[in-house]
Amino acid sequence: MLDIKKIRENPEEVFNKLKLRGVDQTLFNDYVDLDRKWRDALIEVEQLKEKRNALTPKGKPSQEQLSQLKELAESVKKKQDSLLPLEESLKALALQFPNMSCDVVPEGDTEDHNVEIRKEGVLPSFDFSPLSHDELGVQCGMLDFDTAATVTGSRFVNLRGKGAALERALIGFMLDEHTLNHGYEEVLPSSIVNSRALQGTGQLPKFSDDLFKLEDTDYYLSPTAEVQLTNLFQGKVLAEEDLPISVTGYTSCFRKEAGSYGKDMKGLIRLHQFNKVELVKIVHPERSMEEWQMLLGHAESILKKLKLPYRVVELCVGDLGFGSARTVDLEVWFPSQNRYREISSCSNFLDFQSRRAMIRYKGKDTGKASFVHTLNGSGLAVGRTLAAIMEHYQDVDGSIEVPDVLKEYVRFERICKITKNL
RNA sequence: GGAGAGUUGGCAGAGUGGUCGAAUGCGGCGGUCUUGAAAACCGUUGUACCGCAAGGUACCAGGGGUUCGAAUCCCUUACUCUCCGCCA
């Protein structure tokens, strides 16, 4: 949510930012006008109330006072009721506006305008034609899409045998890195969240199409642990000296992937359910960019330890997520696709989420409550990491070597082709 | 799933329909005393919104209602606790 005071002070500046993200001028003007109307009406209501309060005696009112008060009460109620639709519209509009992007964010409307910042690692050279992870996964008995389609439907997978073990190992490895080496608190949150939480992080009201909603409830399957982890602090006023707060958590994420028909139909890239280890930081506004860089480094360290080549990409304005002011994606190399694919997205939301979710800190010296900044990033998307590992660590015989850092977790060294699928 | 009890300021906890933004205690902040600290004593101490300001308005879990007037009465939702049942 944007700062209404900023909009009042400098509507042009705010709109120029929003325009980059496709916000309609009329919609924005409506909002500004409505706010003016609301404030005017509020002043009237409060004046009426002031009058009423002044007239109200300490004890029982006389007959004469009573009739006056009755009249006033009537007009207060009437005027007050006229406020309600204004407030509702204002709130509904306010929730629709995306965050303003930072000045450094490159212009552009599609991912084609994203800017590559740097490349890390060495691209592999195979002396055979590398298989895709889904081919490898099926022939090694790791990935079972058929049974998943039977039990559930398309875009689901059953991880089996060493595939399941490797995924589990990856989760453990990532969490250990973040908790032991990067100072995050581990949280294992609920998978189901309510609409208030989703509104707090910005998934609602605009993006309900991509969410699985549980029938007859206010519950949704969470699309990302960003929701659970950020909303841990919903409504809180934190002590300034407790910042920054860093939490990490592994969850399954559930997305409808509406509008992605035909895209990435094979393999682990785009599923309705996938595992992700998420990083969330609640930070002091003055430190948010530094903390964001650190968070990015934490996500990168996983790729480095797994020896997977990747690149760092700064998203253009048009590709930014709704609440983000600035986002950098990590994209890992997929040999079979001969291109980089997103595996992490690290964003700084500034005070956009904290306004919605009412997350504040109390200044040590000022004693005043101000909004914190929130950051998050994947650290990493586990399924995609598994896929990348399979492709990079494959051999000519169709077997897959386990990356060194995972060997102590899984206690096997290699995954080989199997002859029979059950 | 059934029965009951709750939800009040940072915390604990009182509150008869009007004098309640709300007693009291703790905590916090400031001061006196002290070489310093503790103790004691005195004072002070919620948040949001509107307004250039003076100031005003609102808030006792959320929403609705009764009333001239609601923390207090009624309805409703959420959450917490106790007991019973069921269950991993």
Side-chain angles (χ1 to χ4, degrees), chain A residues 1-11 31-95 188-200 204-205 213-220 222 227-228 231-243 245 252 282 351-372:
Chain A
M1 207 147 57
L2 301 172
D3 184 355
I4 179 69
K5 285 182 185 145
K6 210 183 237 169
I7 296 178
R8 284 174 193 160
E9 275 166 28
N10 214 332
Y31 182 67
V32 174
D33 293 346
L34 207 60
D35 176 56
R36 183 70 260 169
K37 270 190 205 154
W38 171 76
R39 281 188 288 163
D40 291 342
L42 183 70
I43 290 169
E44 282 186 60
V45 171
E46 296 198 342
Q47 281 169 349
L48 278 172
K49 283 186 178 172
E50 185 182 357
K51 214 160 146 192
R52 181 198 61 191
N53 291 349
L55 232 72
T56 305
K58 294 296 185 194
K60 269 201 162 63
S62 65
Q63 273 308 319
E64 194 189 342
Q65 285 174 317
L66 203 63
S67 63
Q68 271 186 312
L69 283 168
K70 277 189 184 178
E71 214 173 291
L72 261 174
E74 193 61 33
S75 52
V76 165
K77 189 172 162 48
K78 213 169 137 196
K79 197 73 208 173
Q80 175 120 320
D81 285 349
S82 76
L83 227 51
L84 268 137
L86 291 176
E87 282 169 353
E88 235 166 80
S89 316
L90 268 179
K91 196 177 162 200
L93 278 174
L95 290 172
L188 185 54
S190 63
S191 299
I192 295 174
V193 294
N194 62 29
S195 59
R196 176 74 191 80
L198 287 161
Q199 190 182 293
L204 286 180
K213 185 172 192 201
L214 303 188
E215 206 171 359
D216 299 326
T217 68
D218 182 45
Y219 290 159
Y220 297 78
S222 174
V227 179
Q228 293 98 310
N231 279 290
L232 284 178
F233 307 98
Q234 182 194 120
K236 292 228 159 93
V237 182
L238 305 158
E240 184 171 13
E241 54 267 34
D242 289 340
L243 302 178
I245 299 172
S252 290
I282 308 293
D351 60 359
F352 187 83
Q353 290 182 326
S354 61
R355 279 179 190 284
R356 291 178 160 236
M358 286 298 285
I359 308 173
R360 293 173 295 173
Y361 73 95
K362 197 166 202 161
K364 212 164 135 191
D365 301 320
T366 62
K368 288 258 306 173
S370 324
F371 291 106
V372 299

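In this text the structure is predicted, and so the values were computed from the model without any measurement. Letters A, B, ... are given to chains in the order of the sequence lines, protein chains preceding strands, and every chain is numbered from 1.
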Integer angstrom distance from the P of B/A71 to that of B/A22: 12 Å

C1' gap between B/G6 and B/U57, integer Å: 31 Å

Rounded distance [0.5 Å steps], CG in A/Leu84 versus OG in A/Ser89: 10.0 Å

If you draw a 6.0 Å radius around CD in A/Glu74, do more than 12 non-hydrogen atoms from other residues or ligands fall strictly inside? no

Ion pair check, A/Asp33 and A/Lys37, cut-off under 4.0 Å: no

Tell me whether A/Lys213 at atom NZ has more than 12 heavy atoms from other residues, nucleotides or ligands lying less than 6.0 Å away. yes

Measuring only the C1' atom in each nucleotide, how far is B/U19 from B/U34? A whole number of Å is fine. 44 Å

Rounded distance (Å) that lies between atom P of B/U57 and atom CG of A/Leu55: 13 Å

Backbone of A/Ala197 reached by a side-chain donor or acceptor of A/Asn231 within 3.5 Å: yes

Same-atom distance (C1') from B/A70 to B/G63, integer angstrom: 16 Å

Whether the side chain of A/Arg360 engages the backbone of A/Lys368 through a donor-acceptor N/O pair (distance < 3.5 Å, no angle test) should be reported. no

To the nearest Å, how far apart are A/Lys362 NZ and B/U47 C1'? 9 Å

Nearest nucleotide by nearest heavy atom, which residue falls closer to the 5' end of RNA chain B, A/Arg39 or A/Ala369? A/Ala369

Distance between the C1' atoms of B/C60 and B/A14, in whole angstroms? 13 Å

Given that both distances must come in under 3.5 Å, which nucleotide forms a Watson-Crick or G-U wobble pair with B/A39? none

Closest heavy-atom pair, A/Phe233 versus A/Ile359, reported as atoms and distance to 0.1 Å, is O-CG1, 3.3 Å

What's the gap between B/U16 and B/A53 when it is taken at their P atoms, as a whole Å value? 40 Å

Check: protein-nucleotides 67-76 of chain B nitrogen or oxygen pairs below 3.5 Å:
| residue | atom | partner | partner atom | Å |
| --- | --- | --- | --- | --- |
| B/C68 | OP1 | A/Lys70 | NZ | 3.3 |

Selected nucleotide, minimal atom distance to A/Tyr219 side chain, candidates B/U57, B/A48, B/C79: B/C79

Suppose we define a pair by two distances each less than 3.5 Å, Watson-Crick or G-U wobble; what does B/C83 pair with here? B/G2

Rounded interatomic separation in angstrom, taking NZ from A/Lys51 and C1' from B/U57: 16 Å

Is A/Glu71 atom CD crowded by more than 12 heavy atoms from other residues, nucleotides or ligands, each under 6.0 Å away? no

Applying the Watson-Crick and G-U wobble criteria at under 3.5 Å, what pairs with B/G55? Answer none if nothing qualifies. B/C50

Please report the distance separating the P of B/C52 from the corresponding atom of B/C42, rounded so that it comes out in whole Å. 43 Å

Report the base-pairing partner of B/U34 (Watson-Crick or G-U wobble, both distances below 3.5 angstrom), or none. none

B/C20 and B/G15: how far apart are their C1' atoms, nearest whole angstrom? 9 Å

Whole-Å distance between B/G28 P and A/Glu241 CD? 14 Å

Counting side-chain heavy atoms from CB outward, which of B/U47, B/C49, B/C79 is closest to A/Lys5? B/C49

Using a cut-off of 4.0 Å on non-hydrogen atoms, how would the nucleic acid contact of A/Arg8 be classed: base, sugar-phosphate, or nothing? sugar-phosphate

Please report, rounded to the nearest Å, how far the C1' atom of B/C50 is from the CG atom of A/Leu34. 16 Å

Distance check needed: B/A58 P versus A/Leu48 CG, whole Å only. 12 Å

CD of A/Gln80 versus P of B/G63: gap in Å, rounded? 12 Å

For B/C11, what is the paired nucleotide under Watson-Crick or G-U wobble rules, both distances under 3.5 Å? B/G25

Between the main-chain N or O of A/Val372 and the side-chain N or O of A/Ser354, is there a donor-acceptor pair closer than 3.5 Å? yes

Mind calculating the distance between CD (A/Glu46) and C1' (B/G51) to the nearest angstrom? 9 Å

When only distance counts, do a donor and an acceptor, one from the side chain of A/Glu50 and one from the base of B/G56, lie under 3.5 Å apart? no

Using a cut-off of less than 4.0 Å, is there contact between a side-chain N or O of A/Asn53 and OP1 or OP2 of B/G56? no

